Amino acid sequence: MLNDVNWGALVAQSLRRPAQAAQVVLSWNLPRDALWTAMALVTLCNAVLMYVTNIVTPPLSPELAAQAIPFPAWMFSPLTAFVFLAGSLVVTVHVLHWLSSMLGGPGGLNEMLALLTWLQALRAVAQFVLLVLLIAVPGLAGLFALAVAVMSLWLLVVFVNEASGLQSKFKAVGVLLTAAVGIIVGLSFLITLTGFAAIGV
């Protein structure tokens, strides 16, 4: 089935008519194990591309470098990026599915997983294009990155709406905002607990 997919056309359709592209992806009815495997693979691609992009990105000026917060080198490794991205995606898929179900969305976990995996695949394509621009035409890279960020938000809204079956982009935005707040609060709580544990409280 997937061997017959015109991937270039599907990417183009995702940008022009994302709701229709989402229905194409959902029509594949892939099993959950295959979806988790696909998510792991596209996450790995994104992590490697992010690492390479960080390498080829022009260094900061001495003035900006002096003001920047120093981070240990291991934080920029492909493994760290993969673990962070994969963990974030697993949490996001479950939180979005749970919240949309609370609002009466009939979509299942597989639908949410399938479309967020496809979104990550699109982001991998965009990351590759950004990498090429950074090498060939650095002046356009910043504008392209901004366009990708805006388009990614719109695709996320559409895909969440289609995956959940809410039939309302406003509800989908509400689900995303609630999920974002919940994840931020949860991370803040974990960071606070980690800090207390570090000082022996």
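Values in this document were obtained by computation on a predicted structure and should not be read as measured data.
- Note on residues 104-116: pairs passing side-chain hydrogen bond (donor to acceptor under 3.5 Å, both in side chains), not counting sequence neighbours, are Arg32-Asn110.
- Every residue two or more places apart in sequence or in another chain that forms a side chain to side chain donor-acceptor pair (under 3.5 Å) with Glu162 is listed here: Gln23.
- Taking both residues in full, the closest heavy atoms of Leu134 and Ala141 are given as CD2-CB, 3.5 Å, listed atom of the first, atom of the second, then distance.
- Thr178 meets the side chain to side chain donor-acceptor pair (under 3.5 Å) test with no other residue; sequence neighbours excluded.
- Counting only residues at least two apart or on different chains, the side-chain hydrogen bond (donor to acceptor under 3.5 Å, both in side chains) pairs with a member in residues 145-160 are Arg123-Ser152.
- Looking only at side-chain heavy atoms (C-beta outward), Phe159 and Leu96 stay at 4.5 Å or farther from each other.
- Listed by first and then second residue, the side-chain hydrogen bond (donor to acceptor under 3.5 Å, both in side chains) pairs that reach into residues 134-151 come to none, sequence neighbours excluded.
- Residue pairs meeting the side-chain hydrogen bond (donor to acceptor under 3.5 Å, both in side chains) criterion with at least one partner in residues 81-92, sequence neighbours excluded, do not occur; the list is empty.
- Annotation: side-chain contact (heavy atoms from CB on, under 4.5 Å) contacts of Ser101 (sequence neighbours excluded): His97.
- Listed by chain and number, the residues in a ring-ring contact (aromatic ring centres under 6.0 Å, His included) with Trp98 amount to none (sequence neighbours excluded).
- Side-chain contact between Val175 and Met102 is absent, with no heavy-atom pair separated by less than 4.5 Å.
- With sequence neighbours left out, the side-chain contact (heavy atoms from CB on, under 4.5 Å) criterion links Val132 to Phe128.
- Of the possible polar contacts, none joining the Asn161 side chain to the Ala172 backbone as a donor-acceptor pair under 3.5 Å is found.
- Evaluation of the side-chain contact (heavy atoms from CB on, under 4.5 Å) rule for Met50 yields Leu85, Gln127 as partners, not counting sequence neighbours.
- For Ser14, the side chain to side chain donor-acceptor pair (under 3.5 Å) partners at least two apart in sequence or on another chain are Trp118.
- For Leu79, the side-chain contact (heavy atoms from CB on, under 4.5 Å) partners are Ser77, Val83, not counting sequence neighbours.
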